[in-house]
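Take a look at the structure below.
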Amino acid sequence: MKETVVSGIRSTGKLHLGNYYGAVKNFVQMQNDYNCYFFIADLHSLTTHPTPADLHGNIKHVLVEYLASGIDPETSTIYIQSDVPEVAELYLYLNMNAYMGELERSTSFKDKVRANPDNVNAGLLTYPVLMAADILIHKATKVPVGKDQEQHLEMARTFGNRFNRLYHTEYFPEPYAFSYTDNLVKVPGLDGKGKMGKSEGEANAVYLSDDPETIRKKVMRAVSDGGPTEENQPKPEPIQNLFDLMKVVSSTDTLAHFEDLYSKMQIRYGDFKKQLAEDMILATAPMRERIQDIAKDDAYLRQVAKHGALKARESAQKTIREVRSLIGFKSF
């Protein structure tokens with residue numbers, strides 16, 4: 001029996017280089033070795049109140065880009081979260097055993113409250129419970145997550161273990177963070193701070209579907225500085241971020257060339273950024289072409305979504321039947 005892996009991406013827009021190199025590229029490699037469930041987290045995205053048109057469009061973007069990146073719907077189970085109502089049912093049961101104090105202490109909840117004080121909804125508070133339901137519904141033991149999600153994964157273990165204790169069972173296994181590679185790829189944004197992300201704005205991220213001219217404009221506007229003032233000096237964060245991006249998309253010779261120029265105080269950021277942009281365009285070209293082709297094929301997308309929902313529901317329905325029995329729900 002292959003171990004089960006579960007991972008999801010929120011349907012809040014198009015996938016960017018950080019999503020691809022930080023997660024999706026690993027998904028493609030691991031799908032032959034594990035029983036993989038990759039879902040589009042549209043229920044999670046409702047905390048930000050998208051319009052119906054945006055919600056559907058964003059789901060389509062992620063589905064198209066999962067497929068364009070090489071995730072095989074015959075090998076893996078690709079599904080839309082809201083197509084599996086059993087997830088919401090398990091979320092309800094787990095919520096009954098989740099406590100206000102522990103949810104309010106969640107780092108991500110506190111961050112969201114600070115960032116959006118006018119939209120502190122119950123969905124944000126119970127976000128870790130829904131994430132736990134996503135994982136536990138398939139009894140996954142491996143979850144590819146970044147450092148920022150490790151607390152949520154710890155909470156998923158807490159909720160699963162609490163259910164087991166409450167109902168005197170060993171039903172839910174413990175899920176743990178998992179990386180398919182020892183070399184976790186850091187993909188910083190173009191704004192000079194932290195990782196590439198959708199929430200930091202369009203200019204911070206290079207999307208897999210961006211056309212060459214858009215990529216050139218974004219990279220040329222990336223935050224830099226006046227250049228090194230002494231030989232072999234450490235790079236400030238915005239400059240190190242650009243070199244980290246080059247490490248992801250460029251050849252080792254290209255990276256070494258610009259490292260050498262920086263060390264010798266001979267670097268010209270205009271030339272550096274032009275090279276980085278062209279290497280990004282080259283790296284994303286195959287996916288960009290596949291995205292354009294797949295996005296036009298609505299019949300294929302419907303087939304993939306329907307097939308994925310059937311496979312995911314088969315697993316989820318079994319879990320819900322057994323969970324209901326353990327809780328004590330019985331038919332008359």
Side-chain angles (χ1 to χ4, degrees), residues 1-11 23-24 26-45 59 62-63 66-67 71-97 127-145 149 152-153 155-164 167 169-178 180 301-331:
M1 287 287 288
K2 292 180 179 179
E3 283 189 87
T4 296
V5 173
V6 168
S7 188
I9 292 180
R10 289 178 73 205
S11 55
V24 178
N26 278 346
F27 296 172
V28 175
Q29 291 178 285
M30 70 177 68
Q31 62 185 342
N32 293 310
D33 297 327
Y34 296 92
N35 177 30
C36 293
Y37 291 89
F38 300 127
F39 67 94
I40 299 162
D42 56 340
L43 295 178
H44 282 286
S45 72
I59 292 166
V62 180
L63 180 58
Y66 262 166
L67 296 167
I71 297 179
D72 181 354
E74 297 300 322
T75 306
S76 300
T77 302
I78 306 174
Y79 64 98
I80 298 161
Q81 188 185 28
S82 61
D83 281 346
V84 183
E86 292 78 12
V87 171
E89 186 172 347
L90 184 58
Y91 170 49
L92 171 68
Y93 300 150
L94 295 176
N95 261 327
M96 301 304 180
N97 305 315
Y127 194 99
V129 188
L130 182 53
M131 182 172 161
D134 291 322
I135 296 163
L136 298 175
I137 197 80
H138 302 299
K139 302 175 81 171
T141 53
K142 287 183 158 49
V143 185
V145 292
Q149 292 286 323
H152 284 169
L153 193 51
M155 293 173 85
R157 288 193 294 274
T158 296
F159 300 142
N161 286 333
R162 189 174 291 155
F163 180 94
N164 291 347
Y167 296 108
T169 181
E170 293 297 320
Y171 186 71
F172 287 121
E174 290 193 326
Y176 283 92
F178 168 59
Y180 199 64
L301 292 172
R302 271 195 302 274
Q303 178 194 334
V304 168
K306 188 175 178 181
H307 180 59
L310 286 170
K311 286 168 69 180
R313 288 201 72 187
E314 186 179 353
S315 164
Q317 285 170 342
K318 180 177 185 294
T319 299
I320 287 297
R321 276 196 308 273
E322 292 167 353
V323 163
R324 286 176 66 88
S325 175
L326 287 165
I327 291 173
F329 291 118
K330 296 189 187 333
S331 299

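- Residues satisfying the side chain to side chain donor-acceptor pair (under 3.5 Å) criterion with T319, sequence neighbours excluded, are absent altogether.
- N35 pairs by the side chain to side chain donor-acceptor pair (under 3.5 Å) definition with T4, not counting sequence neighbours.
- The salt bridge (charged side-chain N to carboxylate O under 4.0 Å, His left out) search around R313 returns E86, not counting sequence neighbours.
- The ring pair (Phe, Tyr, Trp, His ring centres under 6.0 Å) check on F163 picks up Y167, F172, with sequence neighbours excluded.
- Evaluation of the side chain to side chain donor-acceptor pair (under 3.5 Å) rule for T141 yields E3 as partners, not counting sequence neighbours.
- By the salt bridge (charged side-chain N to carboxylate O under 4.0 Å, His left out) test, R162 pairs with E102, sequence neighbours left out.
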Expected list for residues 301-312: side-chain donor-acceptor pairs under 3.5 angstrom, two or more places apart:
| from | atom 1 | to | atom 2 | distance (Å) |
| --- | --- | --- | --- | --- |
| K311 | NZ | P73 | O | 3.3 |
| K311 | NZ | S76 | O | 3.0 |

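- Partners of V28 under the side chain to side chain contact (heavy atoms under 4.5 Å, CB included) rule, at least two apart in sequence or in another chain, are Q31, I71.
- Applying the side chain to side chain donor-acceptor pair (under 3.5 Å) rule to N95 yields no partners; only residues at least two apart in sequence or on another chain are considered.
- Residues satisfying the side chain to side chain contact (heavy atoms under 4.5 Å, CB included) test with R321, not counting sequence neighbours, are Q317, K318.
- In terms of the salt bridge (charged side-chain N to carboxylate O under 4.0 Å, His left out) criterion, E314 has no residue partners (sequence neighbours excluded).
- The salt bridge (charged side-chain N to carboxylate O under 4.0 Å, His left out) test applied to E174 returns no partner, not counting sequence neighbours.
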